Protein chains: 2
Amino acid sequence: MNIGEIARRAGVSRSTVSYALSGKRPVSEDTRRKIQQVVDELGYRPSASARALANGRTSTIGLVFPPAGNHYTGMQLDFIGSVVEAAAARDYDVLLSPSGVDSDRSFQRLLGERRVDGAILMEIRLQDDRVDHLAALDFPSVTIGRTARPERGWWVGLDHTALAAACVHHLADLGHRRMAFVNRPEQLLRAGYESAHRGLDGFTKAAAERGLTVRTYCCGDDAASGQACLERILYDDPDTTALVTLNEAALGGLYRGLAQAGRHVPRDFSVTGVVAARWAETVNPQLSAADVPAAELGRRAVDLLIERLDRPDAPPRHHLLTPPISLRASTGPAGTPDA
Amino acid sequence: MNIGEIARRAGVSRSTVSYALSGKRPVSEDTRRKIQQVVDELGYRPSASARALANGRTSTIGLVFPPAGNHYTGMQLDFIGSVVEAAAARDYDVLLSPSGVDSDRSFQRLLGERRVDGAILMEIRLQDDRVDHLAALDFPSVTIGRTARPERGWWVGLDHTALAAACVHHLADLGHRRMAFVNRPEQLLRAGYESAHRGLDGFTKAAAERGLTVRTYCCGDDAASGQACLERILYDDPDTTALVTLNEAALGGLYRGLAQAGRHVPRDFSVTGVVAARWAETVNPQLSAADVPAAELGRRAVDLLIERLDRPDAPPRHHLLTPPISLRASTGPAGTPDA
DNA sequence: ACCGATTGTCGAACCGGTTCGCGTGAAGTG
DNA sequence: CACTTCACGCGAACCGGTTCGACAATCGGT
């Protein structure tokens, strides 16, 4: 069931079959029909490996996603789903690669063995050797998130600085004066994860601007850590009346901690942050938050990558999104702290 | 940077390079070292496409996951993560394919174009044309979940019947006499999703066995539907004191509905079901539930598939798991209904 | 000193497509 | 009717690996 077989049965040469199927050269209507008929009868489909070898394109894009041991968040699932779908719509397959660092085995496979035409990277760090490596190789790639020097790159991303600041302003407008920031785990912050850094930055600056009293915390990516973190927040400053978080996975724990401390949301305590909409709607009360448009980011990343593949020396493009805060039920006016 | 280049620089033939790297024939220590040195210097890696074409193996497995439009659940993310990791550990890549039906374009790509050596299928239905199709082709595959006739297949799965029954018994032992079952969306039930069917079955049979009064519901995969569903449950039978659910995504909504109806969990109302541990720990109070060992299922699926690839006519194998109920904080003794 | 076995390497064919240059027969033109 | 033009299809080379059969050199044995 290879192209030779089709050629034999249709009574033409292999090249004619190839041209008939690809349309890269004209073929008479008669032979085209004959070939198509044989192809349909046998259900022939050209081998992806052979084609890739011959024309140097695999029609596959690599999705490099966070290394193991990380707890995956709902956002990441939405990314993956939307990337795969958008790619499929453009006739590309998606190869998953769990990869942390540059010298990683699976990263080597992707690039060195030329399994993919281009790559999409998630979980970007401000200083990211994978990104530098790919840039040095001039390998077509798009990042979801941006490094400290995003000028020459192709990326889609969220303006975490502005989003965290928007959360602060939202709370400050409601009268909150003492608030906490619950970040991703310290390990990720130290590693330089961009969302953790820029989010922290935006929070800190906006808080200073508004003259607020704030504390910032790192928190593990799970419910138990969230609960512990909240206990610590109230221990460090019992007058805290609000928090901003980037940590989806800790959210349930934060809520539990508040409930156990007898703080009612939103009457006694306001919670907001940057979280995927689906997650925000799951907790009780529903979270007022900047909804991460994960599906849209994924789609746009694919669009950019394919554009880059089609026109190899197009100038870099990017999309920076700043979704608004969706008001739900987790924030409210600050009461008098000691009442 | 192909094998010919390496051969030239090392002063040997292409075949010698191939043998030196694969070890499939002995090569003298001297030339082996020389070749290795050149390879290291140039950072040479053999092209995956060429290799796949030559020896007919892609070293890639396909992961067929649910069609678009579905809300993805946390479980699915854990599957994907663990599959990718387990595959990477065995030197396989994972190709994602969003696919519903047999005749699907991306399904055709996977099989027809021979992009993968084998496949793992998620979201199995009792009658599943994809599974039948693959079986007819004798294409190596493993399903996560099992069809109505699983005897001749390779699969890993959860015993949803037993798990749902265990939930019923757990609640009945606590004294609950009137309970509801919250299933996945009706559309999925009608389509024949195995977890929905077997779960419903197990629930119904166990309830009959214990002489309980029960109602069963289908519920959309999101928080809003969960909330609506709970309202309906209490409207249909205000004396309901417990529920069992398979629907992770609706869980938050169910809880919210209970809170708004003034029912305290677990004092006035018990909730249990079959849910990924991470999710069960996120809600407040934490859910007592049979924890879906998604990561383990994913790992085992990869192991089975690779075993099947390595030994093409080994007899079918499978793993049926029945995780115990983890007692957390969402179930408690039934009070007197009218008190 | 001769012979058979062993060891290490090479050349060629093959996997299944794509693409380039060329030949052939029919149609168009003066 | 001879001559260009064009449309169509063919054969061969190539992509970058793997694998098989053959061959030369070395070795041990008698």
Side-chain angles (χ1 to χ4, degrees), chain A residues 1-39 42-60 91 93 108-117, chain B residues 1-39 42-60 91 93 108-117:
Chain A
M1 42 307 281
N2 55 23
I3 199 174
E5 183 68 17
I6 304 297
R8 193 166 331 114
R9 302 212 187 196
V12 298
S13 74
R14 302 197 308 147
S15 53
T16 302
V17 174
S18 178
Y19 285 125
L21 293 179
S22 72
K24 296 196 178 172
R25 270 199 197 177
V27 168
S28 80
E29 188 51 28
D30 278 0
T31 57
R32 208 197 58 69
R33 241 200 315 272
K34 176 66 186 156
I35 290 170
Q36 189 59 52
Q37 182 189 329
V38 175
V39 165
L42 272 64
Y44 164 79
R45 309 224 60 193
S47 143
S49 312
R51 172 177 289 179
L53 176 58
N55 66 14
R57 305 195 41 159
T58 60
S59 294
T60 303
D91 273 320
D93 282 324
Q108 285 303 313
R109 285 175 68 109
L110 238 60
L111 298 197
E113 304 184 5
R114 281 142 290 166
R115 280 175 197 272
V116 299
D117 295 335
Chain B
M1 41 308 281
N2 54 23
I3 201 176
E5 182 69 18
I6 305 297
R8 193 167 330 116
R9 302 212 188 197
V12 298
S13 74
R14 301 195 308 146
S15 53
T16 301
V17 174
S18 178
Y19 286 124
L21 294 180
S22 72
K24 296 196 179 174
R25 271 199 197 175
V27 167
S28 79
E29 188 51 28
D30 279 1
T31 57
R32 210 199 56 71
R33 239 201 315 273
K34 176 64 185 159
I35 289 169
Q36 191 59 52
Q37 182 188 330
V38 175
V39 165
L42 272 64
Y44 165 78
R45 310 225 60 194
S47 145
S49 311
R51 171 177 291 179
L53 176 58
N55 66 14
R57 305 195 39 158
T58 59
S59 294
T60 303
D91 272 321
D93 282 324
Q108 285 304 312
R109 285 175 68 110
L110 237 61
L111 298 197
E113 305 185 3
R114 281 142 289 168
R115 281 174 196 272
V116 299
D117 296 335

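The shown structure was predicted, so the numbers you read here are calculated from the model rather than taken from an experiment. Note that these values count all heavy atoms, side chains included, but never hydrogens, waters or copies made by symmetry. In the text below, chain A, chain B and the rest are named by the order of the sequence lines, each starting its count at 1.
Minimum atom distance to the side chain of N2(A) is reached by dG16(C), of the listed dG16(C), dG17(D), dG9(D). Candidate nucleotides dT9(C), dG9(D), dG16(C) were compared by shortest atom distance to the side chain of S47(A), and dG16(C) ranks first.
Under the side-chain contact (heavy atoms from CB on, under 4.5 Å) test applied with I3(A), the options S18(A), S47(A), S15(A) reduce to a single match, S18(A).
Within the 4.0 angstrom heavy-atom criterion, no nucleotide atom of any strand lies near S49(B).
A donor-acceptor contact under 3.5 Å is formed by the side chain of R14(B) with the base of dG17(D). For S15(A) against dG11(D), a side-chain-to-base donor-acceptor contact under 3.5 Å is present. Contact of R25(A) with dT19(C) (side chain to base): no donor-acceptor pair of N or O atoms is detected under 3.5 Å. The base of dC20(C) lies close enough to the side chain of Y19(A) for a donor and an acceptor atom to sit less than 3.5 Å apart.
Under the 4.5 Å side-chain criterion, counting only non-hydrogen atoms from C-beta, Q36(B) is in contact with V39(B). Taking the side chain as every heavy atom from C-beta outward, R33(A) and E29(A) approach each other to under 4.5 Å. Considering only heavy atoms from C-beta on, L111(B) stays 4.5 Å or farther from R45(A) through its side chain. In this structure, the side chains of Y19(A) and V12(A) stay at 4.5 Å or more apart for every pair of heavy atoms. Taking the side chain as every heavy atom from C-beta outward, S59(A) and R51(A) never approach each other to under 4.5 Å.
One atom, CD1 of I3(B), and another, C1' of dG11(C), lie 14 Å apart when rounded to the nearest Å. Atoms CZ (R8(A)) and C1' (dG16(C)) sit 13 Å apart, rounded to a whole Å. Summarising the geometry, the separation between CD1 on I35(B) and P on dT9(C) is reported as 8 Å, rounded to the nearest angstrom. In this entry the distance linking NZ of K34(A) with P of dG9(D) reads 14 Å, nearest Å. Taking atom CZ of R57(A) as the reference point, atom C1' of dG16(D) lies 19 Å away to the nearest angstrom. Distance, R45(A) CZ to dG17(C) P: 12 Å, rounded to whole Å. The distance from atom CD of E113(A) to atom P of dG17(D) is 10 Å, rounded to the nearest whole Å. Here dT18(D) presents its C1' atom at 16 Å from CD1 of I6(B), a figure rounded to the nearest Å.
Mapping S22(B) and L53(B) onto DNA chain D by nearest heavy atom places L53(B) at the nucleotide closer to the 5' end. Each of N55(B) and P26(B) was assigned the nucleotide of DNA chain C with the nearest heavy atom; the assignment lying further toward the 5' end belongs to P26(B).
Contact annotation: K24(B) side-chain N/O to dT19(D) OP1/OP2 distance is under 4.0 Å. Residue S18(A) places none of its side-chain N or O atoms closer than 4.0 Å to OP1 or OP2 of dG17(C). Within the 4.0 Å cut-off from OP1 or OP2 of dG16(D), not a single side-chain nitrogen or oxygen of R51(B) is found. Side-chain N/O atoms of Y44(B) include none lying less than 4.0 angstrom from OP1 or OP2 on dG16(D).
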